[in-house]
Amino acid sequence: MISNSDRDSKIDRSPKIFKPKRIPLKLVLIVPFVALITGAVGLVGYLSYESGQEAVTSLAHQLIDQASGRVIDRLDTSIKSQQKLLTFNRNVFQQNNLKPKDSPQLRNYLWQQVNLSSVSIAFGNEQGEFISYGGLLSQEIVNKVNKTTSENLNIGTIVLGEVITTQPNQRNYFLVDDQGKARKKIFTKTIDNQTTDWYLAAKNAQAQTWSPIYVFKVIPLLGISAVMPIYDSNKKLQGVLSTSLPLSEISTFLNKLKFSPKGQIFIMERDGNLVATSTLELPYLQPDKEKLGRLQATQSQDPRTRAIATHLQQKYGSLQEIQSSQHFQVEVAGTNIFAQVEPYRDKYGLDWLLITAIPESDFMEEIQANSYWTFLL
C-alpha cells in the first residue's frame, strides 16, 4: 500500500519547458514583402492623389480666369458698343447735322443706325415726341403680331415706334418697308415717355450714363439702356437718345459659352439682384401677368447660384466690399465648387459682379478612377 506521502514524492516537480511554435518561413518572407509593397503603393497613391488635387485647383483657376476673360470681352463688345454708338451720335447732334425737332430727318437717321449696328435705338424729346427702331424680341410677341397683321414674321424683325404731338403718350408701332417707313400698324401702347426709366436716368444724370435695369414697357422683359441727354447751344435739354439691351441676350451668350461640362456663369448687381445666368433662369419674379419683380441671386432656383450668392453675402456682409477678383470654394450637395467673383465696371456707371463656377467633379473623375485602380492593385 502506497501512502500519500510516497505518492507525492513520485510526482515530477521539475519545471516544464514550452517550446514556441515555429513561424513558417513562407510567412516570414511574404508578410514583410507584402507590407512593404502595400505601404509603398499606398503612399505613392496618396501622394499622387494630393498632387492631383493641387493640379486640379491650379487648372480650375486657370480655366475660370479664361472663361471670365471671354465673358468680359463679350460684354465689352455688346455693352460698351452701345455707349460708343451714343458718343458718335452726340457729335452728330453737336455739329448741328441732326436736329432733334426734325422728325423726318431723325427717323431716317435712326433707321440707318439700326441697320448698321443692329442695336435698338430711340429718341424722345421734351415735347413728348418719340421715335424708335428695334427688333421683335420674343416669340410670344412675334406670334401676336403675326396674328394681328396676318404676316409671317420672325424674331428680330425691325419695327418702328412713334409718338407724335397730336397724339401725346400714344405710342404706335408699325411694320416698315425697306426705307424704314411705316407700312402697317401693329398695336398702340399708352406710355408717357418723359416718365420712363431710361428718359429720367439721362435727365437726372445730365450726362451719358446707364439706366437702371427696368421692365420694358411694350414687352414684359427686363433690360437696360445706354442713355444720353441732348442739349442745345444754350444748355437746354432737347431730348434723350437711347439704345436698349434685354438681359435675355446676355443670358443666351452665357449659356452658349461652353468651357466646362457642368460649369456655369452668372452676373448680379451689387444689391444681389440677378442680371443674367448661363442656366437661362429668368432674372425676375412674376407675381402676376402685369408685373415683374427682381430676383435675388440668393433666392435662385439653381442650388449653385443660390449657394455661391449666399456665401458671398455671408463672407463680405455687403457686396459693395468686393473690389477685386477673388477665387473661393463652396460646397453644394456634397460637391466642391471652384468659383471666382470678378467686378465688371465701366466709366458710365455700370457696376456688376461676374461669377464663374466649375464643380470639382469636372476635373476629379479621372483622378478618382486612377486612385481606385491603385487601391485595387
Side-chain angles (χ1 to χ4, degrees), residues 71-72 74-83 85-86 119-122 124 132 134-135 137-138 141 191 193-205 207-229 240-255 265-302 305-306 309 312-313 318-320 322 341-355:
V71 174
I72 290 174
R74 176 55 183 261
L75 290 176
D76 286 347
T77 300
S78 62
I79 289 182
K80 291 186 177 180
S81 63
Q82 300 205 21
Q83 293 288 1
L85 180 62
L86 292 187
V119 173
S120 297
I121 189 167
S132 73
L137 300 178
S138 72
I141 296 297
I191 301 172
N193 297 308
Q194 294 177 323
T195 62
T196 55
D197 295 84
W198 60 270
Y199 196 95
L200 291 175
K203 190 173 183 177
N204 294 334
Q208 187 172 338
T209 187
W210 288 100
S211 74
I213 291 175
Y214 65 99
V215 181
F216 289 166
K217 296 291 185 181
V218 178
I219 304 172
L221 293 174
L222 286 179
I224 189 170
S225 293
V227 294
M228 179 180 63
V240 173
L241 187 66
S242 166
T243 64
S244 60
L245 176 70
L247 299 185
S248 57
E249 287 191 13
I250 303 176
S251 290
T252 298
F253 162 71
L254 297 180
N255 177 259
I265 301 176
F266 65 94
I267 300 171
M268 62 181 179
E269 293 185 289
R270 293 286 180 165
D271 59 4
N273 283 329
L274 195 63
V275 174
T277 173
S278 61
T279 66
L280 299 181
E281 179 180 14
L282 296 177
Y284 57 80
L285 302 170
Q286 192 165 8
D288 55 58
K289 293 183 178 181
E290 301 299 324
K291 296 181 180 180
L292 296 180
R294 300 297 304 280
L295 174 65
Q296 283 273 311
T298 54
Q299 298 178 357
S300 167
Q301 295 298 310
D302 182 81
T305 300
R306 187 170 60 248
L312 292 175
Q313 290 278 14
S318 170
L319 298 180
Q320 297 289 346
I322 304 174
V341 57
E342 173 92 11
Y344 181 80
R345 307 181 181 93
D346 73 358
K347 64 180 181 180
Y348 300 108
L350 200 66
D351 190 7
W352 291 346
L353 294 174
L354 170 65
I355 294 90

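We count residues from 1, following the sequence as given.
Interatomic distance, Gln296 CD to Arg306 CZ, rounded to the nearest 0.5 Å: 13.5 Å. Note that CG of Leu75 is 6.5 Å distant from CH2 of Trp352, once rounded to the nearest 0.5 Å. Once rounded to the nearest 0.5 Å, the distance linking OG of Ser251 with CD1 of Ile267 reads 7.5 Å. Here the OG atom belonging to Ser278 is positioned 11.0 Å from the CD1 atom belonging to Ile355, to the nearest 0.5 angstrom. Here the straight-line distance linking atom CE of Met228 with atom CD of Gln82 works out to 12.5 Å at 0.5 Å rounding. If you take CD1 on Ile121 and CG on Leu86, they are separated by 6.5 Å, rounding to the nearest 0.5 Å.
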Which is it for Ser244 and Trp198 under the side-chain contact (heavy atoms from CB on, under 4.5 Å) test, yes or no, and what are the steps along the way?
CA-CA 9 Å; Ser244 60; Trp198 60 270; over 6 Å; no
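Residues Leu282 and Leu295 come closest through the heavy atom pair O-CD2, 3.6 Å. Ala276 and Ile250 get closest at one heavy-atom pair: CB-CG2, 3.7 Å. What you find for Thr195 and Leu200 is that their closest heavy atoms are O-CD1, 3.6 Å. In this structure, Asp302 and Thr279 approach most closely via the heavy-atom pair OD1-CG2, 4.0 Å. Closest approach of Ile322 to Arg270, counting heavy atoms only: O-NH1, 2.6 Å. The two residues Gln313 and Thr298 make their nearest non-hydrogen contact at CG-CG2, 4.0 Å.
If you check the side chains of Glu281 and Thr305, you find no donor sitting under 3.5 Å from an acceptor. Ser225 and Tyr214 form a side-chain donor-acceptor contact under 3.5 Å, judged by distance and modelled atom types alone.
In this structure, the side chains of Ile265 and Leu354 come closer than 4.5 Å at one or more pairs of heavy atoms. Within the 4.5 Å cutoff, side-chain heavy atoms of Ile224 are placed close to those of Leu350. The closest side-chain heavy-atom distance from Asn273 to Ile213 is not below 4.5 Å. A 4.5 Å side-chain heavy-atom check between Val215 and Leu222 finds at least one atom pair inside the cut-off. Thr277 is not listed as a side-chain neighbour of Leu254, based on a closest heavy-atom distance of 4.5 Å or more. A heavy-atom distance below 4.5 Å is not found between the side chains of Leu319 and Asp271. Within the 4.5 Å cutoff, side-chain heavy atoms of Trp210 are placed close to those of Ile79. Between Val71 and Tyr344 the shortest side-chain heavy-atom distance does not fall below 4.5 Å.
When each of Leu274, Leu353, Val275 is checked for a side-chain contact (heavy atoms from CB on, under 4.5 Å) with Phe266, only Leu274 meets the rule.
Formation of a donor-acceptor pair under 3.5 Å by the Thr196 side chain with backbone atoms of Asn193 is found in this model. Remark: side-chain polar atoms of Ser242 are not paired, donor with acceptor, to backbone N or O of Ala122 under 3.5 angstrom. No donor-acceptor pair under 3.5 Å is formed between the side chain of Ser120 and the backbone N or O of Thr243. Although no hydrogens or angles enter the test, the distance criterion places a donor-acceptor pair under 3.5 Å between the side chain of Gln208 and the main chain of Gln83.
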